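Down below is the structure, laid out as structure tokens.
Predicted model only: the values in this text are computed from it and were never measured. Letters A, B, ... mirror the listed sequences (proteins, then strands); counts begin at 1.
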Protein chains: 2
Amino acid sequence: MKEYTVKKLAKMAGVSVRTLHHYDQIGLLKPSIRTDARYRVYGERELLRLQQILFYRELDFELKAIGNLLDSHNFDLVGALESQKQMLLSRRKRLDTLVATLDKTMLHLKNKTMMNPEELYEGLPKEQAAAWRMEAKENWPEQVAHAERELMRLSKADFKALQDGFKANVEQLAMMSHLDPAGSDVQAAIAQHYHYILRFWGKADDAAEAYRGLGDLYANDPRYTQVDGVPAETFGNFLQRAIHHYVDMQLR
Amino acid sequence: MKEYTVKKLAKMAGVSVRTLHHYDQIGLLKPSIRTDARYRVYGERELLRLQQILFYRELDFELKAIGNLLDSHNFDLVGALESQKQMLLSRRKRLDTLVATLDKTMLHLKNKTMMNPEELYEGLPKEQAAAWRMEAKENWPEQVAHAERELMRLSKADFKALQDGFKANVEQLAMMSHLDPAGSDVQAAIAQHYHYILRFWGKADDAAEAYRGLGDLYANDPRYTQVDGVPAETFGNFLQRAIHHYVDMQLR
DNA sequence: TCTTGACGCTAACGCGACGTCATACCCTAC
DNA sequence: GTAGGGTATGACGTCGCGTTAGCGTCAAGA
């Protein structure tokens, strides 16, 4: 039966002595015995366990999780690996987004055409836009702030295009308000509308529910019930039904 | 000129009050003034700066780096963005490797055929293998340990194939020892040899230099100078020249 | 036997970017 | 004057160790 001191074991496994101390401290890897002088002594079983620990550690498992994996004999190992994989994949996805943002930013820098904050809501009907922001920021401050930062990095031309597209979309919907809210033309316009809203509100997890709530707002809040100066209670109700239908059919 | 309290600013930007305290503490974002009661008051310029801070923060810049970016007026902004991009790309690459490892592991788990540590060096000439390990572990303990963990996760069949391939490769080189070390046949065999060595030693940054050093070992250490029981001083020198040529031509 | 040098031990701070109390002060409205 | 909300500072916790600092232990050589 082989025995190892801290240093020997550390060298064999390619870790520091401090790491072994740490693992002892948190109960992840305890020495098989302690000498009278409280020296740690590890056996073959501990070496094996350490190998496993390090394997999982390289896969970015947390030490606590590793402990659970190794200690609970009949743990769902494959399940744990699978969920770890999902974690890593989602991190990867995030990195993709970041890299894309960096690329865009470097492009914009060359063209020197960024938005500034005052202009963000200039072209839109003042009260309406402001009310939207308040509404959204109450519930998802983090996402809205992020979305606005994104918008500020658009070129002025790009932003104006976005804005015009949104206004056109709303006007289109207004002209459709006598049609069936569940009809395919209306639903197509609503799909567009949803994506515009997402760009201004950001993408929260419960964006679908939030959008459904926006439908209720349209129907109940007088601020949302006129277009081009025309009071239109029916428009609010129309929007509400169209949005509810869209969310219930497409987003669940 | 608009003014904001901590809470208002925090809400506008979608961060916590604590975050603003923190940024004040580390000097990243100081309030424009303090009231008599030491309340923080921020102005328009601070809001703008905060927006920028948060933009870079989302790109995983460290706060210190952000401070440098924003404070040194004529900093190399594009350069900073580019190097940040490289960082993110290398992280992403690492994640890809991890995911691949996870997939392999889950496969192996289904086949239940992992190596165990004792078997790792069984088939190879004992002394030689041991000497290699010592040599490599002295200089790159971390990488070698990693490589060995990888090897242990191979199936026994896969590992035996690897081992046999390596032995065949060395024997092939032995039979070539009368040829030109710089000749293309020999160099092709050396390229294979290098990759086998990498699998056992791990991939350190200076792997090329290390491999070159291995060439010297072959030439000078008597342990490395016999194959199939035949003492072969010429073989050691042959290997040395072949390896040096390979490293100098291919790896720099 | 004494010394020396390598090795071992514990305790503690540091890192990064805050979250989360705890405790106390300030300000406004009723 | 008091209730309730906003604000301040300070300190600890997070995670996985690296890095001293100050001490005890052990085997080998003089």
Atom pair distance, as rounded to whole Å: [atom1] in [X] and [atom2] in [N]:
X     : N      : atom1 : atom2 : answer
A:R40 : C:dC9  : CZ    : C1'   : 7 Å
B:Q25 : C:dG19 : CD    : C1'   : 13 Å
B:K8  : C:dC27 : NZ    : C1'   : 13 Å
A:D24 : C:dT10 : CG    : C1'   : 12 Å

With heavy-atom distances below 4.5 Å as the criterion, would you say the side chains of [X] and [Y] are in contact?
X     : Y     : value
A:V41 : A:T5  : no
A:R49 : A:L28 : yes
A:R57 : A:V15 : yes
A:L63 : A:I66 : yes

Query - Polar contact flag, side-chain donor to acceptor under 3.5 angstrom, A:E46-A:Y4 - result: no
Report summary line: Between its two end axes (five pairs each) the helix from C:dT1-D:dA30 to C:dC30-D:dG1 turns, nearest 10 degrees, through 40°
Under 3.5 Å, N/O pairs linking protein and nucleotides 4-7 of chain C:
unit_1, atom_1, unit_2, atom_2, d
C:dC7, OP2, A:K7, NZ, 2.9

Report task. Show your working on side chain to side chain contact (heavy atoms under 4.5 Å, CB included) between B:L70 and B:Q52 and close with a plain yes or no. Result -> CA-CA 8 Å; B:L70 299 185; B:Q52 311 199 66; 4.1 Å; yes
Query - Strand-adjacent residues in residues 86-93 of chain A, judged by heavy atoms under 4.0 Å from DNA chain D - result: none
Query raised in the report: Taking NZ, NE, NH1 and NH2 as the nitrogens, is one of them in B:D96 or B:R91 under 4.0 Å from a carboxylate oxygen of the other?
Result: no
Requested in this report: Taking only Lys NZ, Arg NE, NH1 and NH2, and the carboxylate oxygens of Asp or Glu, determine whether A:D24 and A:R34 approach each other closer than 4.0 Å.
Outcome: yes
**Report entry** Chi angles and distances behind the side chain to side chain contact (heavy atoms under 4.5 Å, CB included) call for B:K7, B:K11
**Finding:** CA-CA 6 Å; B:K7 195 168 193 187; B:K11 207 172 168 184; 5.6 Å; no
Nearest heavy-atom pair of [X] and [Y]: which atoms, and what distance?
X      : Y      : result
B:V17  : B:A10  : N-CB, 4.0 Å
A:L88  : A:L59  : CD1-O, 4.2 Å
B:I197 : B:F166 : CD1-CZ, 4.1 Å

Requested in this report: Name the residue closer to the 5' end of DNA chain D, choosing between B:R38 and A:T35 according to the nucleotide with the nearest heavy atom.
Outcome: B:R38
Query raised in the report: Are there more than 12 heavy atoms of other residues, nucleotides or ligands under 6.0 Å from atom NZ of A:K30?
Result: yes
Pairwise N/O distances under 3.5 Å, protein to nucleotides 15-18 of chain C:
unit_1, atom_1, unit_2, atom_2, d
C:dA17, OP1, B:L63, N, 3.0
C:dC18, OP1, B:R57, NH1, 2.9
C:dC18, OP2, B:Y23, OH, 2.7

Query raised in the report: Which is the 5'-most and which the 3'-most nucleotide of DNA chain D that has an atom under 4.0 Å from a heavy atom of chain B?
Result: D:dG6 to D:dA11
Report summary line: Residues pairing under ring pair (Phe, Tyr, Trp, His ring centres under 6.0 Å) where one sits in residues 19-69 of chain A, two or more places apart or in two chains, turn out to be A:Y56-A:F61
Query raised in the report: Roughly how far, to the nearest 0.5 Å, is the CG atom of A:L89 from the CD atom of A:Q84?
Result: 10.5 Å
